[in-house]
Each structure stands twice: as C-alpha cells, then as structure tokens.
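Reading through the structure tokens given below for one structure.
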Amino acid sequence: MWHFIKKYILQPLFLISFGGMAYFNFEILFRGYSHISMIICGGLCFYTIGLLNEGKNWHPSFLFQMILGSLIIITYEYLTGVIVNIYLNLHVWDYSKVPFNYRGQICIPFLIIWFFVTPLCIWTDDIIRKGVFKS
C-alpha cells in the first residue's frame, strides 16, 4: 500500500508542485512577475515531460523527448491561455504582437525557447525520481 501511495500520489504531487514553483520563480526572475495559474501550467508541463522517458517498452531519443516536450509545453500553454486569458479575461500574457502567434496565446519563438528548456526538465525529473523517490 505504501508503495502505491508513494508512486501514484506523493511522487506526482511533489513533481507537479516542484515544477510549478520552479517555473513560477523562473518567470518572476526573467519577467518580474507571474500568475498563480503558471504554477499549475508549469507543474503539469514538468510532470508530463518527465513521463516521456519512464516507460518500460518505449525509450525515445533525447532529441525526440525535447521535441515532444516543447509540444507538450505549448499545448498546456495554449489550454491555460484559453482558460485564463480568453475565458476568464485575466490577461496574464499576450503574444499577439509576437510573430507567428496563434490567438495571442502561443507563438513559434516561444516554442523554440521551450525546446531548449526541456532538457532541464528531463534531467531534473530524472534526478528527483531516481534520487528522492528511487523509482
């Protein structure tokens, strides 16, 4: 029972919280401010990217994980943007003046940035899973 709780409840909660707070603080460092929704979005991105190399039967290359990771981030970013910026009208971010944007919520320049951020997510997730949770 303890193994189940640790693997399926505590580990995901810890990874989502860690990733969310890391992104929230990273955004404050570079942008000067953030929004609480970024904790949820960043945490889900971090956790989902971390799952990419956890399968027993599927071992994608590091480059493929980076590609998938950037697509995961832009997908969560778009979904969060639709909810937070469009539906709730909170105006947390607006990419409408950035080239190659879609509805002001996502854009190609940030997709490229996310591609280069994903290795940090992959490595950090592996360290936490294998160090803290020994899975």
field: Derivation and outcome, side-chain contact (heavy atoms from CB on, under 4.5 Å), residues L63 and F115
entry: CA-CA 9 Å; L63 177 61; F115 176 79; 3.7 Å; yes

message: Show me the pairs that pass side chain to side chain donor-acceptor pair (under 3.5 Å) and involve residues 60-76, at least two apart or across chains.
response: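 Every side chain to side chain donor-acceptor pair (under 3.5 Å) pair that includes a residue of residues 60-76, provided the two are not neighbours, is T48-Y76.
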
message: Once salt bridge (Lys or Arg N to Asp or Glu O under 4.0 Å) is applied, what residue pairs with a partner in residues 57-84 remain, sequence neighbours excluded?
response: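 Counting only pairs at least two positions apart or across chains, no salt bridge (Lys or Arg N to Asp or Glu O under 4.0 Å) contact touches residues 57-84.
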
task: Give every residue pair that meets the salt bridge (Lys or Arg N to Asp or Glu O under 4.0 Å) criterion with at least one member in residues 12-27, sequence neighbours excluded.
output: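 Non-adjacent pairs meeting salt bridge (Lys or Arg N to Asp or Glu O under 4.0 Å): E27-R31.
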
- request: Please lay out, stage by stage, how S34 and F24 fare under the test side-chain contact (heavy atoms from CB on, under 4.5 Å).
  value: CA-CA 6 Å; S34 190; F24 183 81; 3.3 Å; yes

Inter-residue atom distance [X].[atom1] - [Y].[atom2], 0.5 Å rounding:
| X | Y | atom1 | atom2 | result |
| --- | --- | --- | --- | --- |
| I108 | Y102 | CD1 | OH | 13.0 Å |
| L10 | W2 | CG | CH2 | 5.0 Å |
| I49 | L120 | CD1 | CG | 10.0 Å |
| L88 | S37 | CG | OG | 9.0 Å |

For the student: nearest non-hydrogen atoms of P109 and P99, plus distance: CD-O, 3.4 Å

statement: Minimal heavy-atom distance between N101 and S96, with the atoms involved, is ND2-O, 3.1 Å

[X] vs [Y] side-chain heavy atoms within contact, under 4.5 Å:
| X | Y | value |
| --- | --- | --- |
| Q11 | K6 | no |
| D125 | L15 | yes |
| C41 | Y23 | no |
| F64 | L68 | yes |
| F62 | I122 | yes |
| Q105 | L79 | no |
| N89 | N85 | no |
| I40 | T80 | no |

- request: Would you please say whether a donor-acceptor pair under 3.5 Å links the side chains of R103 and Y95?
  value: no

task: Report yes or no: do D126 and N53 form a side-chain donor-acceptor pair below 3.5 Å?
output: yes

query: Run the side-chain contact (heavy atoms from CB on, under 4.5 Å) check on R129 and L51 step by step: do they pass?
result: CA-CA 10 Å; R129 285 179 194 266; L51 291 175; 3.5 Å; yes

- request: Go through the steps to decide whether I73 and T118 satisfy the test side-chain contact (heavy atoms from CB on, under 4.5 Å), and finish with yes or no.
  value: CA-CA 9 Å; I73 293 171; T118 56; 3.9 Å; yes

- line: Exactly one candidate in F14, F18, W114 meets ring-ring contact (aromatic ring centres under 6.0 Å, His included) with F46; the answer is F18

message: Tell me if the centroids of the rings in W93 and Y33 come within less than 6.0 Å of each other.
response: no

